[in-house]
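In listed order, ligands and their atoms are each counted from 1.
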Amino acid sequence: MSNGKRVGQAEGHVELRASIQGLTRHALSAACYDLSVFALVAVPRSAPEPLTYSIPRELEPFTVAGSRVRVPMRERQLTGIVVEVQAASDLDPGVIRPINEVLDPQPLVPAEELQLARFIADYYRCPLGNTLAAMLPVRLLRADSETVSLTPSGVGVDAAGLDATSAAILTALGEGGSTRLPALLAKVGSRDRRALDGLVRLGLVEVRRRRRDRPPPSEVTALRIADRPLEQLLEECRRAPRQRDALQWLSDAGRPALVAELRAVVGCSHATVRALMDRGAVVSFTQRAPRPPRWALRTAPERHALTDEQQASVAAIADAVSTGGYAPFLLEGVTGSGKTEVYLRSLEDVLERGGSGLVLVPEIGLTPAAAGAVERRFGARAAVVHSAQSDGERWREWRRAADGETRVVVGPRSALFTPLRDLRLIVVDEEHDSAYKQQESPRYHARDLALVLGKRLEIPVVLCSATPSVEAAALVRRGLATHLRLTRRVAGGSLPQVEVVDLRGEPPEPGEQGHTWLSRRLREAMTETLAAGDQIILLMQRRGWAPLLLCRDCGTRIQCPSCSVSLVVHRRSADLRCHYCGHRAPVPASCAGCGGTLLDAVGAGTEKVAELLALDYPDVPVAILDRDTVRRRDGLRHSLGAFAAGKVRVLVGTQMVAKGHHFPDVTLTGVISADALLGLPDFRAAERTFQLLTQVAGRSGRGSRPGRVIIQTYFPDHPAVRHATTHDVTSFLDDELLFRNAFGYPPATRMAVVRYESRDMKAASTAATQAARAATPLPPGVRLRGPAPAPIERIRGAWRWQLLVTAPSRDLLREVLERIEAAPPVRAVRMVVDVDPLSTL
Ligand SMILES: [Zn+2]
Ligand SMILES: [Zn+2]
């Protein structure tokens, strides 16, 4: 990415003057400057490519690749990361400004991480500074917060002769005292701070800055009771009941406590704690922050003997670990076949050899089982990282890994960037899961990056799944990964029996426009299951009550005002909601178009299924698991907990119910409609459907009693449905790879979506059209689809136009993307480049 040809202060005489001032400021030490050593510094959000700075001699020993530094840019000081140190620069030494400060005694980002960052920036088309900022556990590259106010000479100054923006800034500041910079710029309607910088130079305005790049403290303040008799201490503060309470609690606890803990439990203020310290009743000291209580710590599980298949897999991985070198594996095992035990044993082996291991899981909240298993097996040597942790906790876990204290890390996609020492094995659990793809820039895929990292570190990478992604399957077929298979369930027992109900033969329910939600066969099976005292999971992919509200008179669907989608009817909250932008509206009494009052809620969501169940099985407790119920505080744990405890007999939910839950009493899973995903205009529709059906089927019959699965569909002959019925992963992947090859979709090709978003439809389409022109003539084998509106043409008020590029190789794809990125920008259009997109909607 970097060509080393840019300078921090770039264009213009203003910047040059500033740089000369900068040099004069350092006049004293200028004599000992030797401007022969330079650093390339990546600065997030301010420059797409690293900038060149000189390294003052006294900072030379500390300015190494991976350390954070403060550097000047125009009038500001910014925090960046040194990505390279160079002996020479072909830039004019007069325009190169020096680094001001080195922030970390040790480099923050180890060399391998820097290499990985460069790869991500280049491959996923994201500036290196932004990439590094996204890889750090907390925001250590944040820009200073800036507050602007008038100086005494700026008060009441005559704005005549100033440009409009400067005058507007003075007026705004005259009204409101000091203002945060972003608010001020928004108020004067400008995104450019040049006018402001000019006013600062004229001495009319001042900017106060507050640093926000400091790491959270790695030590915390704790309190213990003073070494004197408690009665005496209590007597001393008899007039201060709060202080007495605090003392009494500390004494009862019989151990030191954190200040925050004491304040929370006793409900006292900081002043109370201060007073206790002042009178010498308690003593404060700092300590390394303790790990938060473990959430899944129970007794160590008994170790079962491995099956032959598990044994063979463990041996193959151990072999690769001891030989060293890059070795990708696909560990494919039916649900319940003990994949987790295989990688736990492999990790034990790695730890015995003195190395460390990393386990990626899709989402900690939805798949607590895997994280819990790792914690139970490795105790204090393991760390769980996740997004619900506080900044301080995340930072401390990161340090523990870097210090070599933590040997196994388990976490979601960002855990890939934990700087574990001597990493020797990476495991990607549920590698097919879409949660591994980051949906904002850098739009990386953690499974693919795990392979990249494995190759760089020359270590084995194990991808695990019951329903491998087409990408992982393609690796195996091309001989690039070793296939390990677990074909039998550990607890014995067979896979659930799958039945397909062809909805075309079902009599429609009254008032449902010819649709059946619960077929006769499904009702029958549910009645039997409930009578046997077992539990049921029902998959319904839409949340809410009904996906659209239709006017019977004119046929209008009520749409979201800012998105090109229908509003969803929610009955519990009695409103209409947009699932893309969150817009809410009351359910109207009449149609806005024709005034008709016959508004029909068409289709069904989780709420309606739960309602139908309540009609048929009034005494059976039913719960819903979807984003609406999870959003409520503790919703997820509550729903899953109630179901695990048997208080809820039927769980209705979206794909959340298909994740790796283990409920031994579930002997029936029903798929209300297999068709919801199949109809989407996306090349991964079949793959997603097959994975979802197989995963949800795997929830049934995990205990001692056999399970069954009923899939309702209008397309019983679709390969995704047919192969899911027979649990035939191999045949499905064969069919799907044939389809992808025939139509030139990944993994047969490399793909990127380039999207242009704007509130102005014309601007979005112009930008896409110009970009398409810039891409031509296309290199051989490259295909460009579009420019065309995205399948969902408008989201949050922004019109979306896109180009879909497929290329036979990574290099050709990059070549075309570079041409597209170089197309002239169009005002008020945001360009989004998504390499290896999971969805093209
Ligand atoms: Zn109407
Ligand atoms: Zn919307």
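Around the Zn ion (ligand 2), the protein contributes the following N, O or S atoms at distances under 2.8 Å: Cys560 SG, Cys563 SG, Cys578 SG, Cys581 SG. Excluding water, every protein N/O/S atom under 2.8 Å from the Zn ion (ligand 1) is given here by residue and atom: Cys551 SG, Cys554 SG, Cys591 SG, Cys594 SG.
Using a 3.5 Å distance cut-off with no hydrogens or angles, the side chains of His445 and Glu471 do not pair a donor with an acceptor. Side-chain N/O atoms of Ser434 and Arg684 include no donor and acceptor closer than 3.5 Å. Side-chain polar atoms of Asp760 and Ser758 form no donor-acceptor pair below 3.5 angstrom. A donor atom on one side chain and an acceptor atom on the other are found under 3.5 Å apart for Gln712 and Ser519.
A salt bridge between Asp391 and Arg139 is absent, with no side-chain N of the basic residue lying under 4.0 Å from a carboxylate O of the acidic one.
Aromatic ring pairs are classed by plane angle as parallel below 30°, tilted from 30° to 60° and perpendicular above 60°; the pair Phe643 and Phe663 is perpendicular. Relative ring orientation between Phe690 and Phe732 is described as parallel, the plane-to-plane angle staying below 30° on a 0-90° scale split at 30° and 60°.
Listed by chain and number, the residues in a side chain to side chain donor-acceptor pair (under 3.5 Å) with Arg193 are Glu146, Asp197 (sequence neighbours excluded). Under the side chain to side chain donor-acceptor pair (under 3.5 Å) criterion, Glu611 pairs with Trp545, Arg571, sequence neighbours left out.
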